[in-house]
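Here is how names work: the chains are called A, B, and so on, in the same order as the sequence lines, proteins then strands, and each is numbered from 1.
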Amino acid sequence: MRYDHLISAKQLSREDIESVLDRAAEVAADPGAFADTHAGTLLGLLFFEPSTRTRMSFDAAMKRLGGDTIDMGSVDSSSVKKGESLADTVRVIEGYADALVLRHPSEGAAKLASEFVDVPVVNAGDGAGQHPTQTLLDLYTIRENAGLDGLRIGIVGDLKYGRTVHSLAHALTNFDAEQHFISPESLRLPRGIRYDLQSSGTTVREHTEIEDALEDLDVLYVTRIQRERFPDENEYRQVAGEYRIDSALLESAAPELTVMHPLPRVDEIAPEIDETARAAYFEQAHNGIPVRMALLDEIL
Amino acid sequence: MTDTELRVSKIENGTVIDHVPGGEALTVLAILGIDGSGGEVVSIGMNVPSDRLGKKDIVKIEGRELSQAEVDVLSLIAPEATINIVRAFEVIEKHHVTRPETVRGVLSCPNANCITTENEPVESRFDVLDAGVRCVYCETIIDGSIASHIHST
């Protein structure tokens, strides 16, 4: 891999992505072959925001490689509560760990952290910015279910604040993928992401109704409308519950359509979809282990 | 002696920034961080008739020669600006502003959730695009007037 830090999916080339996904496939096929390959390695977990999947899967991935993790714990129990800057926090913890995994509520936090430390920083989500490791497991799941070249994907929901959306859209510009963006007017892609996609030659196809794009899609990537990102509760209420994926809606979809979601979901996907062959979101979450093992194996 | 020179007197040593769009002189000073507290003698001509711009502003700063790096950021609001370095009442250097690749410290990110707006030991940094600038941290693009995003205003 050509980088020390993983801050944004923008920095990932097709070669970088395929390298991690190929390694992840090797891990998934024979996890035992990777056990103890990183014995003695310590990964620092710094989560300034709640997390279940990302935090636990990084923890599990490091331990399955034979290493261990040290966890800053909650913000309330750390020196951050005393007003310590992020720059100081990471400069201290780089002395304790071989790499840092950082989640932070502010956009650009991982970029800033990477400027203050010498150990690799992995962005595990920075506000409404980027979430590149989620994207790697998303791409792994898409490759397994639909393939990446020739892909027609519909990305639904909170495209404005959705960091998984931003990273996925960037990464897919490396492939022959037709991207459809479905959202309320107020949650359309941010100016910066639109600029990057257009600069890469990607056509930004935008819709407000799922039905306008559904028929031709291979993958429907559903995201939660994130209440915690809205500066205004009224703005949230106006769009909450805007989209709901259920069996009736999917009647017009292609038989092989795969439904994905970075989770957690609230009510965007009806439980009746869970047991159908279309549902890939739990498989997607499970793929976090081999993909993050592969990533750690490459950067450590 | 021209009409312009009558309105804004000559300086002995320092920098004259000419061909600034009419009404932007105070923004130029804000970008340069000149607010009078440094003691420089500063003269401003605003909305002076100009063949090229219709109306232009002129800024004269005595006793200070601005470097190319200092003035290049002015290209964001005054792409036609010319910089004259004056010594002993003579213009000894005259050059245009050029668009820099990056602007440091001058602008504040308009994204309230950007890490640079918090209590962190970094100055703001923006990449300069064909149209506008982009925060290197949160990637927010400013593509309208940058005047309202200048640190010192």
Side-chain angles (χ1 to χ4, degrees), chain A residues 5 7-11 48-49 75 79-80 82-91 102-117 121 123 125-130 132 160-161 163 166-167 169-170 189-199 226 228-232, chain B residues 27 30-31 33 69-70 72-79 98-153:
Chain A
H5 307 292
I7 307 301
S8 166
K10 264 170 75 175
Q11 72 189 83
F48 292 74
E49 268 192 337
V75 167
S79 287
V80 176
K82 300 173 187 170
E84 185 176 57
S85 68
L86 174 63
D88 279 0
T89 301
V90 295
R91 277 183 286 192
L102 174 69
R103 170 167 291 186
H104 197 280
S106 297
E107 286 96 73
K111 166 75 175 165
L112 180 141
S114 72
E115 294 177 351
F116 285 89
V117 299
V121 173
N123 183 5
D126 60 333
Q130 290 272 325
K160 181 179 180 182
Y161 299 112
R163 57 194 176 201
H166 305 161
S167 289
H170 275 139
L189 285 174
R191 169 91 176 81
I193 303 294
R194 194 187 307 275
Y195 175 87
D196 290 332
L197 295 183
Q198 288 166 344
S199 299
Q226 303 171 95
E228 67 273 22
R229 302 272 175 237
F230 282 77
D232 179 356
Chain B
T27 306
I31 288 176
E70 283 179 289
D72 277 349
V73 67
L74 299 180
S75 66
L76 299 177
I77 60 151
T98 54
R99 285 178 83 77
E101 289 185 5
T102 304
V103 178
R104 290 174 179 267
V106 174
L107 304 171
S108 295
C109 186
N111 174 12
N113 207 42
C114 176
I115 192 71
T116 61
T117 66
E118 296 178 21
N119 184 31
E120 298 292 342
V122 289
E123 60 180 6
S124 70
R125 200 159 86 236
F126 287 79
D127 287 334
V128 178
L129 309 175
D130 289 340
V133 296
R134 183 176 207 176
C135 175
V136 302
Y137 291 95
C138 74
E139 307 211 324
T140 294
I141 292 176
I142 305 174
D143 54 5
S145 167
I146 65 159
S148 60
H149 303 294
I150 295 168
H151 257 318
S152 53
T153 57

| field | Stepwise side chain to side chain contact (heavy atoms under 4.5 Å, CB included) check, A/Asp196 with B/Arg134 | value | CA-CA 11 Å; A/Asp196 290 332; B/Arg134 183 176 207 176; 2.7 Å; yes
Rounded to the nearest 0.5 Å, how far apart are [atom1] of [X] and [atom2] of [Y]?
{"X": "A/Arg191", "Y": "B/Ile142", "atom1": "CZ", "atom2": "CD1", "answer": "11.5 Å"}
{"X": "B/Cys114", "Y": "A/Leu112", "atom1": "SG", "atom2": "CG", "answer": "9.0 Å"}
{"X": "A/Arg194", "Y": "B/Ile141", "atom1": "CZ", "atom2": "CD1", "answer": "10.5 Å"}
{"X": "B/Asp143", "Y": "A/Tyr195", "atom1": "CG", "atom2": "OH", "answer": "10.5 Å"}

May I ask you to decide if [Y]'s main-chain N or O and [X]'s side chain share a donor-acceptor pair within less than 3.5 Å?
{"X": "B/Glu120", "Y": "A/Ala87", "value": "yes"}
{"X": "B/Glu139", "Y": "A/Gly129", "value": "no"}
{"X": "B/Asn113", "Y": "A/Pro105", "value": "yes"}

| What pair of heavy atoms forms the shortest contact from A/His104 to B/Ile115, and how long is it? | CE1-CD1, 3.8 Å
| task | Mind listing the closest non-hydrogen atom pair of B/Pro121 and A/Ser85 along with its distance? | result | CD-OG, 4.3 Å
| side chain to side chain contact (heavy atoms under 4.5 Å, CB included) between A/Asp126 and B/Tyr137: does it pass, once the steps are laid out? | CA-CA 10 Å; A/Asp126 60 333; B/Tyr137 291 95; over 6 Å; no
| message | I'd like to know whether CG of A/Asp232 has more than 12 heavy-atom contacts from other residues, nucleotides or ligands below 6.0 angstrom. | response | yes
| query | More than 12 non-hydrogen atoms from neighbouring residues, nucleotides or ligands closer than 6.0 Å to CD on B/Glu101, yes or no? | reply | no
| said: Please classify the contact of A/Ile193 with chain B as side chain, backbone, both or neither, using a heavy-atom distance under 4.5 Å. | reply: backbone
